Each structure stands twice: as C-alpha cells, then as structure tokens.
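Following this message is one structure expressed as structure tokens.
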Amino acid sequence: MAGQLIPAGGLGWLRAQGLAAELNVRTQRYAGQQTLLRIEVEPLVAASDYPALLSGFFTWLAALRATPISDWPQDARQQLADQAFFNGPQGEPLRWLTALAERTLYEPPEQILESTAQWAHLCEQAWHRLLQQIQPERVLLAQSQSDSTNLPQRTAWTDTRFASSQLYWQPAAGDGNALAEAGWPIWAVSPPEIGRRSVTAMPGLHMIPSPKAPTAGQGMETTRFAWCWPEGQLDRHQRDRLKALWSLQLEPLDNWANASGLSLHWHDEAGLISLELQGPDKALWVGAAATLAALAQPPDLSLQRLAEHRYQKSLNERTHALPAYRLLDELEVLLSPITSQPRDAADAAQPSAAQVVWLHPQPWQPEQLEPIAASLQRLCPRVAQPFHWQPPAARSVEEGTGTVPVDCHHADRAQILYCQARTSGISERACWQLLQQHISASFFDQLRTRQQLGYWVVARYHEVAGTPGLMLLVQSPTHDHEQIETAITAWLKGEQERLAGLPFEQVQSQAQRLATHLRAQSSTPSGQLELHWARGLGLPGATIHEQCIALEQLSHAMWQETLQDWLEQPRRLHLFSKDMSVAP
C-alpha cells in the first residue's frame with residue numbers, strides 16, 4: 001500500500017518544494033512475513049542540504065498519516081487496480097501472466113486469483129501501524145557516489161563508492177496538515193466533451209488518416225504526432241530539453257495509461273520530435289486528448305527547473321556511457337544536418353515555432369478530432385500558417401578518411417569505421433542494404449568468432465536522413481586500438497578480394513531474397529503504418545517498393561559501382577575512443 005502511494009503523492013510533494021527529481025519505492029519480501037522497504041530518492045539539492053530533503057520527506061509522511069483513508073480517491077483507484085490486473089492490462093497476456101507469477105511467490109493460495117478489491121478497505125488502525133514503522137530511527141541511510149562527493153566505502157565487485165549509516169536525525173515538528181486533493185495521482189481520465197464543430201482549417205497541421213489494417217488484431221490502434229521545425233531551428237540540445245519537459249508534463253497520466261493498455265513512445269530525429277501512442281481504440285482517443293491537453297498547459301517554473309535537471313542528467317549519462325555508445329552518439333552529431341552546440345536553457349526550442357504532422361485512425365470522426373486539434377493549436381500557433389517543413393539531408397562526408405577521437409570515461413577501446421554513399425538515390429539505398437547482407441556475417445565471424453577481438457562486433461547498414469552508409473563497430477576490453485585498426489584493415493582487404501570473386505548470379509539471388517524480405521516486412525500492420533507515415537511526410541522510407549524493384553533489376557554495373565563507392569573511393573569517418581578516466 002505504501003509503495004503505491006508514496007511514488008505518487010510523495011514525489012509530487014518533494015518536487016513542488018524543489019527537493020527531489022525522482023522517488024522510487026520497492027519492497028523485498030523475506031521468509032516469516034518480513035519485508036524490506038527501499039526508498040530511493042534522486043535529490044535536487046546539494047549533498048549538504050540532505051537535512052532539508054529528509055525533512056520534506058518525513059513532513060509528507062506526517063501529512064499522509066493525517067489524511068483519513070475515507071479521503072482517498074478509492075473508487076477510481078480501485079477501478080484502475082482491478083483493470084490493471086484482470087485485463088493484463090487490456091489484452092497484454094504476458095504482463096498478466098507476470099503479475100500472476102509474482103502472486104504465486106508471495107500470496108496465500110486463496111488470494112492468488114483474487115482481484116485487488118481486498119485492498120480497497122484497509123483498516124485505518126493497521127495502516128497507521130505501518131506508517132508508524134517508517135521513522136528515522138528505523139531507517140538506514142545510504143548515499144551513492146556522485147561527481148561532487150568522495151565517499152569512504154566501496155562495493156566489492158564494481159568498486160563503486162558509497163556511504164551508509166543509521167539515520168540519527170529527527171525532523172522538525174510539522175503542522176500535521178492533511179494531503180491536498182491535488183497531491184494525489186491521476187487515477188482516472190475523462191473523455192473530452194464532444195462538440196458539433198469539425199476541425200478548424202489549420203494549414204500548418206498536416207493530418208494523415210491511417211486506414212485500419214485488417215490483420216492488426218486485438219483492437220490495437222496507433223496515433224502519432226510529429227512537431228516539425230524548419231531546418232536549422234532545432235538542434236539536438238533544444239530537442240532533448242523540450243522532450244524532457246514534455247515527458248514531465250505527461251507523467252501524471254502514467255498510472256491510467258499503463259492500466260488502460262496505452263503505451264507512449266518518444267522518437268526524435270533531425271528537425272522533428274514525434275510521440276506515438278498505441279492501445280485499444282477507445283482508450284487511445286481519450287489518452288490522445290488528455291496527452292495534448294496536458295502539453296498545451298504552460299509549465300510553471302518548478303517544472304522547467306526539473307526538466308533542466310533531467311536534461312543535464314541525461315547529458316551526463318551520455319558523456320559517461322560505454323565507448324561504443326559514445327562513438328555512436330558522436331557519429332549522430334557529425335552527420336546531423338543541424339549544427340548542434342550546447343545552449344542555455346533560455347534558448348530551448350519553443351513549441352510555438354513548430355508545425356505538426358498528425359497520423360490518426362481513419363475511423364475517428366471530426367467531432368473526435370476537434371478537441372485534440374484545439375489543444376495542438378494552443379500549443380503550436382504556427383499551425384495557422386501554411387505547412388512548409390521538408391526532411392533535412394545528412395551532412396556529406398568528404399572523400400578519404402577523417403579521424404575523430406572521442407573522449408570516453410571507460411577503459412574499454414571502441415572504434416567505428418563509417419562509410420557514406422556518394423548519393424542518396426533509390427538504387428543506392430537498395431544496393432547498400434544488399435552490401436550489408438553480404439558482409440555482416442563475415443565481419444562478425446572474422447573479428448569476433450575467430451580473433452576474439454571484442455564482445456561487441458557488428459557491421460550494419462546505417463542510413464541517416466535518407467543517405468545510405470555502412471558502419472563497422474568494435475568494442476574490446478582486451479585489444480588496443482592498433483590491433484583493432486589492423487584487424488579491420490585486413491578484413492577490408494580480404495572482403496575486397498572475396499566480393500570481387502563472388503559470382504554475380506549469387507549476388508542477384510541474395511538481392512531477390514532481400515526484396516522479398518522487405519516486401520513482407522512492409523506488408524505487416526506495423527510496416528503498413530510506417531509506409532503510410534513516410535508517404536504522408538515525404539520521408540525516404542516511402543520508396544520501399546521502388547527499392548525492391550531496384551533489387552530485382554540489379555545490374556552488374558550497379559553492383560560494381562557500389563563496391564567501388566565503398567572500397568576504392570570511400571568517404572569515411574574513423575571514430576576511436578580516447579580514455580579520459582586515466583591521468584596522462
């Protein structure tokens with residue numbers, strides 16, 4: 001019970017006072033009805049201000065104790081809990097079975113198949129006995145290593161610094177006020193009012209009706225929103241800051257969305273941010289309306305501060321990622337068509353400068369579309385202007401090999417050798433995908449299986465903004481950069497000889513198989529959706545069928561041109577990790 005309530009009301013309480021960014025509660029059950037309650041807090045305060053954080057947390061606990069159970073939003077909460085368990089939620093059998101398996105570990109036999117209704121009418125006396133146990137004198141305080149601390153203890157296996165001690169601290173006497181209604185999580189979402197108006201003409205809102213795929217199954221539907229900025233007006237730092245803010249604005253909907261079988265996924269690329277919602281049709285429409293209504297609300301200063309904290313945290317995580325991830329991140333920056341430089345929070349991209357592409361189920365009626373479109377208009381006033389966004393092109397790599405050292409905070413070595421195609425036509429995209437099919441197994445077999453060069457060895461097709469390319473990636477804890485580079489160079493020479501002697505009939509046969517695979521992939525419900533989206537937005541993926549025709553009609557001259565482009569007159573970037581964790 002405490003685990004359900006603390007992350008919601010407690011997190012909102014601590015965030016409102018600027019004390020914490022995240023609050024997670026876990027329970028671990030032991031034999032003899034013993035349970036360990038673990039409360040993990042990501043502070044927004046400096047290490048020296050921990051008394052303020054603890055005071056805020058225990059003040060909230062006092063307020064929770066002062067709130068009568070009769071004041072809880074029991075009906076909506078109970079309905080949500082039952083829905084989450086019985087529906088799985090909403091047609092997700094794997095999650096339902098997982099919940100059932102967890103119950104078999106801990107619950108008495110007579111309660112395994114019971115709903116959560118038994119928790120609805122908790123005895124007030126028993127609840128207060130539980131809350132009384134969460135007192136400072138019963139708490140072990142553990143602090144993890146951060147950039148600004150030098151903690152005395154170390155873990156045995158990972159050598160991570162930490163400190164733990166009994167909490168000898170007493171909070172100041174609180175006022176004992178009960179929790180306000182606004183402090184509770186959202187347990188239910190009401191559908192918007194249906195008016196008689198149709199969608200107002202908004203030329204900057206590009207709408208793409210998506211026909212329902214006959215084989216979609218389970219009644220699942222998808223809607224997707226993409227916010228588009230003209231080229232040069234949205235770099236990756238602005239994009240990530242805005243996405244951090246929007247994610248926070250949508251957090252209150254999480255409980256309801258999860259129980260309703262609704263998933264939300266963010267995607268981003270040069271010049272746009274997209275949000276995809278998928279779930280049962282009725283829940284999808286209600287969720288889409290609630291989502292856009294939440295984003296259309298102007299964020300207060302505390303939320304903006306929290307979003308900046310989350311952005312800086314993600315920036316720090318990227319900086320300290322494993323070398324291969326650091327190199328992949330840097331490659332994205334190098335190939336991005338939009339200059340990406342760190343900017344102040346005040347320079348973050350404004351939604352008011354964006355226009356919107358909206359893919360929605362075709363059966364949705366105009367009166368259903370209108371409240372969502374109205375929220376989009378409040379969020380993005382530029383939808384009143386003609387739509388003018390075009391997909392940006394990738395940066396061109398010069399002929400030859402450019403060497404790029406990348407600072408990393410990890411001892412493993414990693415390298416990426418990226419080669420970009422000369423042009424980005426339909427035939428080039430088809431042929432470079434075919435080339436990847438011919439080389440990927442050989443690269444893994446030679447460098448990973450035979451030479452044991454590293455634990456991450458991959459050759460893959462890497463398309464950026466419609467421009468095809470190939471990427472060779474190796475990460476190794478045992479071999480140095482010279483050994484890795486020598487192995488890649490020797491493999492390239494061997495591949496040149498092997499591919500030169502490959503019968504063209506074998507190349508054509510593989511091209512036919514690839515075309516068949518791409519056609520089958522684009523014929524699935526998800527493939528049809530992506531094809532519809534790409535056509536509506538003018539993305540390179542809209543030409544998948546033309547690429548299949550190019551593969552089926554592959555000529556010897558086109559194949560030789562692809563090999564020459566890759567091996568004899570390449571445009572390459574060679575990225576390698578530079579370990580910054582060891583002093584020079």
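Please read all numbers here as calculations on a predicted model, not as lab measurements.
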Note to self: Can you confirm whether the side chains of Gln433 and Gln547 place a donor and an acceptor under 3.5 Å from each other?
What the structure shows: yes

Note to self: As an exercise, state the distance from CG of Leu514 to CD of Gln437, rounded to the nearest 0.5 Å.
What the structure shows: 4.5 Å

Next item on the list: Please check if the side chain of Gln238 supplies one atom and the backbone of Asp235 the other of a donor-acceptor pair under 3.5 Å.
Entry: yes

Next item on the list: Establish, for the pair Arg224 and Trp358, whether the NZ or CZ atom is under 6.0 angstrom from the six-membered ring centre and no further than 45 degrees off its axis.
Entry: no

Notebook entry, point to check: Can you name the nearest heavy-atom pair linking Gln368 to Pro363, along with the distance?
Noted result: OE1-O, 4.3 Å

Check: Is the closest side-chain heavy-atom distance between His462 and Leu470 below 4.5 Å?
Finding: no

Check: Side chains of Ile372 and Leu369: closer than 4.5 Å at any heavy-atom pair?
Finding: no

Next item on the list: Would you check if Leu23 and Glu40 make a side-chain contact, meaning some heavy-atom pair closer than 4.5 Å?
Entry: no

Check: Taking all non-hydrogen atoms of both residues, which atom of Ala542 and which atom of Leu531 are closest, and how far apart?
Finding: O-CD1, 3.9 Å

Notebook entry, point to check: Is there a side-chain contact between His360 and Glu221 (heavy atoms, below 4.5 Å)?
Noted result: no

Notebook entry, point to check: Under 6.0 Å between the ring centres of Trp266 and Phe225?
Noted result: no

Next item on the list: Specify the closest pair of heavy atoms between Arg310 and Ser247, including all atoms of both residues, with the distance to one decimal.
Entry: NH1-CB, 4.1 Å

Check: Is a side-chain donor or acceptor of Thr562 paired with a backbone partner of Met558 at a separation under 3.5 angstrom?
Finding: yes

Notebook entry, point to check: What distance do Tyr325 atom OH and Asp329 atom CG have between them, rounded to the nearest 0.5 Å?
Noted result: 12.0 Å

Notebook entry, point to check: What is the distance from atom CZ of Arg326 to atom OG1 of Thr319, rounded to the nearest 0.5 Å?
Noted result: 5.5 Å

Checklist line | side chain to side chain contact (heavy atoms under 4.5 Å, CB included) between Gln512 and Leu551, intermediate numbers included | finding: CA-CA 6 Å; Gln512 292 285 342; Leu551 287 168; over 6 Å; no

Margin query: Restricting to non-hydrogen atoms, name the atom on Pro191 and the atom on Trp285 that form the minimum distance, rounded to 0.1 Å.
Written below: CB-CZ3, 3.8 Å

Next item on the list: Measure across Ser522 and Gln528 and return the closest heavy-atom pair with its distance rounded to 0.1 Å.
Entry: O-NE2, 2.8 Å

Check: Strictly by modelled atom types, are Ser375 and Arg378 linked by a side-chain donor-acceptor pair under 3.5 Å?
Finding: yes

Check: When the ring planes of Phe387 and His206 are compared, do they come out parallel, tilted or perpendicular, using 30° and 60° as the limits?
Finding: tilted

Notebook entry, point to check: Roughly how far, to the nearest 0.5 Å, is CG of Leu277 from CG of Leu250?
Noted result: 8.5 Å

Next item on the list: Could you tell me whether Arg535 and Glu530 have a side-chain N and a carboxylate O separated by less than 4.0 Å?
Entry: no

Checklist line | Exam field: side chain Gln377 to backbone Arg382, donor-acceptor pair closer than 3.5 Å | finding: no

Checklist line | Working for salt bridge (charged side-chain N to carboxylate O under 4.0 Å, His left out), residues Glu552 and Arg519 | finding: CA-CA 12 Å; Glu552 292 166 341; Arg519 276 207 176 92; 2.4 Å; yes

Margin query: The test is side chain to side chain contact (heavy atoms under 4.5 Å, CB included); show your working for Glu308 and Gln312 and say whether it passes.
Written below: CA-CA 6 Å; Glu308 179 63 16; Gln312 293 294 341; 2.8 Å; yes

Next item on the list: Taking the side chain as every heavy atom from C-beta outward, state whether Leu272 and Trp389 have any pair of such atoms under 4.5 Å apart.
Entry: yes

Checklist line | Polar contact flag, side-chain donor to acceptor under 3.5 angstrom, Arg513-Ser509 | finding: yes

Would you mind writing out the side-chain donor-acceptor pairs for residues 293-306 within the sub-3.5 Å range, not counting sequence neighbours?
| from | atom 1 | to | atom 2 | distance (Å) |
| --- | --- | --- | --- | --- |
| Asp300 | OD1 | Ser302 | N | 3.3 |
| Asp300 | OD1 | Ser302 | OG | 2.8 |
| Asp300 | OD1 | Leu303 | N | 2.8 |
| Gln304 | NE2 | Pro299 | O | 3.2 |

Notebook entry, point to check: What distance do Glu428 atom CD and Asp565 atom CG have between them, rounded to the nearest 0.5 Å?
Noted result: 8.0 Å

Check: Got a donor-acceptor contact below 3.5 angstrom from the Thr524 side chain to the Gly527 backbone?
Finding: yes

Note to self: Looking at Glu330 and Arg318, is any side-chain nitrogen of the basic one under 4.0 Å from a carboxylate oxygen of the acidic one?
What the structure shows: no

Note to self: Are the side chains of Ser424 and Glu463 in contact, using a 4.5 Å heavy-atom criterion?
What the structure shows: no

Check: Is there a donor-acceptor contact under 3.5 Å linking the side chains of Gln278 and Ser263?
Finding: no

Next item on the list: Indicate whether any N or O donor in one side chain lies under 3.5 Å from an N or O acceptor in the other, for Gln362 and Ser210.
Entry: no

Notebook entry, point to check: Using the ring of each side chain (for Trp, its six-membered ring), is His265 parallel, tilted or perpendicular to His267, with breaks at 30° and 60°?
Noted result: tilted

Notebook entry, point to check: How far apart are the C-alpha atoms of Trp227 and Trp246, what are their side-chain angles, what is the distance that settles it, and do they pass the ring pair (Phe, Tyr, Trp, His ring centres under 6.0 Å) test?
Noted result: CA-CA 12 Å; Trp227 289 269; Trp246 281 352; 4.6 Å; yes

Margin query: If I compare all heavy atoms of Thr467 with all of Ala394, which pair ends up nearest, and what's the gap?
Written below: OG1-CB, 3.9 Å

Check: Hey, are Glu42 and Arg15 close enough for a salt bridge, meaning a charged N less than 4.0 Å from a carboxylate O?
Finding: no

Note to self: Does any part of the side chain of Pro323, heavy atoms only, come nearer than 4.5 Å to the side chain of Val406, both counted from C-beta?
What the structure shows: no

Check: Which is it for Trp256 and Leu262 under the side chain to side chain contact (heavy atoms under 4.5 Å, CB included) test, yes or no, and what are the steps along the way?
Finding: CA-CA 8 Å; Trp256 175 84; Leu262 192 67; 3.8 Å; yes

Notebook entry, point to check: How far does CD of Gln436 sit from SG of Cys431, to the nearest 0.5 angstrom?
Noted result: 13.5 Å

Next item on the list: Return yes if some donor-acceptor pair links the side-chain N/O of Gln475 with the main-chain N/O of Ala324 below 3.5 Å, else return no.
Entry: yes

Note to self: One pair to check against side chain to side chain contact (heavy atoms under 4.5 Å, CB included): Thr223 and Glu276. What are the steps and the verdict?
What the structure shows: CA-CA 6 Å; Thr223 188; Glu276 179 178 291; over 6 Å; no

Notebook entry, point to check: With side chains defined as the heavy atoms from C-beta onward, is the minimum distance between Glu332 and Leu328 less than 4.5 Å?
Noted result: no

